[in-house]
Structures are given as C-alpha cells and as structure tokens.
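Ligands are counted one by one from 1 in listed order, and the atoms in each one are counted from 1 as well. Predicted model only: the values in this text are computed from it and were never measured.
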Amino acid sequence: MRIDRLFKLGLPTLSFEFFPPKSETGFTQLYQTIDELHPLSPSYVSVTYGAGGSTRQKTVDLVERIQNELAIRSMAHLTCVGHTADEIGSILDTLWNSGIRNVLALRGDPPAGQSQFTATEGGFANSSELVRYTRARHDFCIGVAGYPEGHPQCLNRTRDLEHLAQKVDNGGNFIITQLFFDNADFYRFRDTARSMGIKVPIVAGLMPILNVAQTKRFVSMCGAKIPQALLTRLEGLEANPEAVYAAGIEYAIRQCEDLLANDVDGIHFYTLNKSKATVDICRALDIPHAA
Ligand SMILES: Cc1cc2nc3c(=O)[nH]c(=O)nc-3n(C[C@H](O)[C@H](O)[C@H](O)COP(=O)(O)OP(=O)(O)OC[C@H]3O[C@@H](n4cnc5c(N)ncnc54)[C@H](O)[C@@H]3O)c2cc1C
C-alpha cells in the first residue's frame with residue numbers, strides 16, 4: 001500500500017487530489033466523482049488538509065473511507081497549522097491504526113487574515129520538522145511539496161531547494177510539485193534538484209485550466225504563472241466557456257505528453273473534486289501507469 005513501492009515498477013504514477021467538501025451534498029458529489037475516476041485505476045488518490053486544521057476529522061475519515069471501503073490506495077495530507085506535536089502525533093496514530101500508510105507532510109499556509117506563518121507553541125515551524133517527527137512516529141511513506149517556480153515566501157530558488165533537500169534528508173520519500181503550466185519550469189527544477197543530490201521521485205502536479213478567472217486566482221495564491229501566450233489565447237475565448245474548456249484540456253494533454261516523453265515520475269491531477277476534465281485528459285492519453 002506504500003506509494004514509494006510504485007515508483008520501482010518502472011512506470012509513472014497517476015494520481016488524483018480531492019478536498020473534503022463542506023456539506024453533505026458536496027460529499028455526495030465527491031463520491032460520484034470518485035466513482036467516475038475509479039475506472040482509470042489511479043496509482044493513488046490524496047485528500048487535502050484544510051487551513052488551520054479545519055478539516056482534520058473530515059480528511060482522516062475521507063482518506064480512510066476511500067482506502068478501506070473503496071479499495072483505492074490513499075494518502076492523507078497533514079499540515080502543521082494550529083497543531084502541537086502531540087496533536088499531530090495522535091492524528092498520525094489514528095491514520096496508522098486505520099491502515100493508512102501514506103502521508104503528505106506540509107507546513108500549510110498561514111490562517112486567513114495572517115500573512116506570516118507562525119509556529120504553534122509546541123508545534124512545528126516548517127515541514128522538515130513535521131517530516132522528521134512523522135518518520136520517527138511510524139513507518140509511513142512520506143510525500144513532500146516542491147515548487148518549480150519557487151515557494152512564494154522563499155527569497156531565492158536555491159534556498160528553496162536546500163529546504164527541499166532537508167525535507168528529503170529528514171525522511172521524505174517523494175515530491176509532488178505545486179501546479180505549473182510551463183514544463184520548462186519543471187525540468188529546470190528537476191535538473192537542479194538532481195544536481196543538488198535530491199534523488200527521490202518528483203511527481204508533476206497539474207491543474208487543467210477550465211475557468212480563466214478561477215485559475216488566475218489559484219496562480220496568484222501559489223506563486224505560479226500562466227504563460228502569456230496561453231493566457232492571451234484563453235482570455236480571447238472567455239465569452240465561450242466551452243471553448244475555454246476545450247483549449248484548457250488540449251493544453252493539459254500536450255503538457256502531459258511532453259512530461260511523459262521526458263520520463264516524469266508521475267502526474268498528479270488537482271481535480272477540484274470534479275471528474276470530467278481528468279477523465280477527458282486521461283482517456284485521450286491512455287497513460288500506462290503504475291497501479
Ligand atoms: C502537492 C501540494 C499539496 C498541498 N496540500 C495542502 C493541503 O492539503 N493543505 C494546505 O493547507 N496546504 C497545502 N499545500 C500548500 C502548502 O501548505 C503551502 O504551499 C505552504 O505555504 C508551504 O508548505 P510546505 O510544506 O511546502 O512548507 P515548507 O517546506 O515548510 O516551506 C515553507 C517555506 O519555508 C521555507 N523553509 C522550509 N524549511 C525551512 C527552514 N528550515 N528554515 C527556513 N525556512 C524554511 C521554504 O523555503 C518555504 O519558503 C499543498 C501544496 C502542494 C505543492
């Protein structure tokens with residue numbers, strides 16, 4: 001059930017990310033989405049952890065249900081925000097005792113209204129500390145986050161990659177990247193990481209553009225950029241949502257084809273709890289993947 005074993009099979013992984021919905025209706029829709037994505041045989045799926053630990057129980061319950069009832073290999077995201085080490089320890093114990101073997105260890109963003117991340121007293125200042133603690137607590141497969149265009153709060157990319165190397169040294173088994181739209185950014189990031197001795201698999205995080213305004217909002221929050229030519233093209237289509245969808249899917253398919261031709265270790269789709277775009281892209285590519 002460990003994700004790191006999949007990387008040894010010689011095929012890229014294919015994975016989908018979900019977030020815990022706020023309402024019962026949202027959960028019903030999410031289970032429908034998972035049903036529609038299941039036939040693609042994902043290598044694994046992951047469930048995000050809300051800001052400030054707001055979805056703590058929902059994340060744990062959802063990841064357990066997906067793995068234990070729907071029989072899909074699952075990974076729980078976990079952040080340091082608002083938690084002491086003891087609280088994190090008890091979440092890790094719950095996950096471990098439910099058979100979850102994969103955790104994406106993150107620092108998390110500052111809670112709404114705060115611009116700087118402040119460690120909780122008795123908690124962790126960054127994800128490296130969380131990775132070290134998680135590694136010591138149970139024998140989890142631990143994923144960590146990487147930033148092809150640099151983390152927004154980091155002063156420079158070399159420093160950012162040094163911090164990434166530290167997460168891996170502390171026990172990170174693989175990396176999933178922040179979303180990006182220019183594969184050149186990913187290749188530069190991967191080459192530099194390799195040259196700095198970071199040898200673990202690096203999975204590309206992708207989010208197809210289905211709505212220009214929504215994607216601009218995401219991009220501004222996470223420090224990524226939409227290439228100008230793509231943005232101009234999509235803005236020209238904005239009056240026609242179907243045309244934006246078609247262009248977004250076409251771009252994502254080309255991005256995936258190029259990544260697969262360049263030996264990417266895996267592709268991780270930020271699904272936003274919707275299945276159509278991911279299904280359309282995966283069916284067009286028919287990606288042979290580790291499952
Ligand atoms: C694949 C993926 C999934 C995500 N899932 C979630 C989620 O479920 N929930 C959520 O709230 N957020 C999620 N995020 C967002 C993430 O929490 C934010 O990007 C957050 O700002 C940084 O998290 P991190 O784990 O990369 O932090 P860190 O690795 O701790 O890095 C944060 C910043 O601190 C710097 N830093 C790291 N170590 C040190 C050190 N030792 N000394 C000084 N500076 C240091 C880094 O360079 C960086 O600028 C996800 C991001 C990705 C890429």
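Among protein heavy atoms, atom 23 (O) of ligand 1 sits closest to Tyr147 OH, 3.5 Å. Scanning the protein heavy atoms around atom 27 (O) of ligand 1, the nearest turns out to be Arg107 CB, 3.2 Å. From the protein, the heavy atom lying nearest to atom 3 (C) of ligand 1 is Leu104 CD2, 3.5 Å. Taking atom 5 (N) of ligand 1 as the reference point, the nearest protein heavy-atom neighbour is His77 ND1, 3.0 Å. For atom 18 (C) of ligand 1, the closest non-hydrogen atom on the protein side is Asp109 OD1, 3.3 Å. The closest protein non-hydrogen atom to atom 42 (N) of ligand 1 is His163 NE2, 3.6 Å. For atom 2 (C) of ligand 1, the closest non-hydrogen atom of the protein is Tyr270 OH, 3.8 Å. In terms of protein heavy-atom proximity, atom 50 (C) of ligand 1 is closest to Leu106 CD2, 3.7 Å.
When the options Asp182, Asp258, Thr192 are evaluated for a side chain to side chain donor-acceptor pair (under 3.5 Å) with Tyr187, the one that passes is Asp258. Screening Trp96, Phe174, Tyr133 for a ring pair (Phe, Tyr, Trp, His ring centres under 6.0 Å) with Phe140, the sole residue that qualifies is Trp96.
For ligand 1, the atoms lying closer than 4.0 Å to a non-hydrogen atom of Ser127 are 25 (O), 27 (O), 28 (P), 29 (O), 30 (O). Less than 4.0 angstrom separates some heavy atom of Ala145 from each of these atoms of ligand 1: 26 (O), 52 (C), 53 (C). Counting atoms of ligand 1 from 1 in the listed order, those under 4.0 Å from a heavy atom of Cys154 are 47 (O), 49 (O). Near Thr79, meaning under 4.0 Å from one of its heavy atoms, ligand 1 places the atoms 9 (N), 10 (C), 11 (O). The Ile176 neighbourhood of ligand 1 comprises atoms 1 (C), with distances under 4.0 Å to a heavy atom of that residue. The contact set between ligand 1 and Gln166, taken as ligand atoms under 4.0 Å from a residue heavy atom, comprises 41 (N).
Counting protein heavy atoms under 4.0 angstrom from atom 31 (O) of ligand 1 gives zero.
If you check the side chains of Arg135 and Asn173, you find a donor sitting under 3.5 Å from an acceptor. Under the 3.5 Å distance criterion, with hydrogens and angles disregarded, no donor-acceptor pair is assigned to the side chains of Asp160 and Tyr147. Looking at Ser128 and His163, their side chains never bring a donor and an acceptor atom within 3.5 Å of each other. In the model, Gln32 has no side-chain atom that pairs as donor or acceptor with a side-chain atom of Thr28 under 3.5 Å.
Salt-bridge check for Asp265 with Arg190: failed, with every basic side-chain N at 4.0 Å or more from each acidic carboxylate O. A salt bridge does not link Arg254 with Glu257: every distance from a Lys NZ or Arg NE/NH1/NH2 to an Asp or Glu carboxylate oxygen is 4.0 Å or more.
Between Phe181 and Tyr251, the two ring planes are tilted [angle within 30° to 60°]. Ring orientation note: the planes of Tyr44 and His268 are close to parallel, at an angle under 30° on the 30°/60° scale.
Evaluated by nearest non-hydrogen atom to atom 8 (O) of ligand 1, the leading choice among Phe19, Tyr49, Phe117, Phe124 is Tyr49. Distances from atom 49 (O) of ligand 1 to the heavy atoms of His151, Glu162, Arg157, His268 put His151 nearest.
The N/O atoms of Arg159, backbone and side chain alike, include none that comes under 3.5 Å of an N/O atom in ligand 1. No N or O atom of Glu17 sits closer than 3.5 Å to an N or O atom of ligand 1. Polar contact with ligand 1: absent for Gln178 (N/O pair, distance under 3.5 Å).
Within the 4.0 Å heavy-atom cutoff, Gly108 counts among the residues contacting ligand 1.
Only the side chain of Lys167 comes within 4.0 Å of ligand 1, counting heavy atoms alone; its backbone N, CA, C and O stay farther away.
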Query - Derivation of the side chain to side chain donor-acceptor pair (under 3.5 Å) call for Asp61 and Gln57 - result: CA-CA 6 Å; Asp61 291 349; Gln57 198 51 45; 2.9 Å; yes
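Remark: Arg65 is not positioned above the aromatic ring of Phe27, lacking an NZ or CZ atom under 6.0 angstrom from the ring centre and at most 45 degrees off the axis.
In this structure, the side chains of Val212 and Leu237 stay at 4.5 Å or more apart for every pair of heavy atoms.
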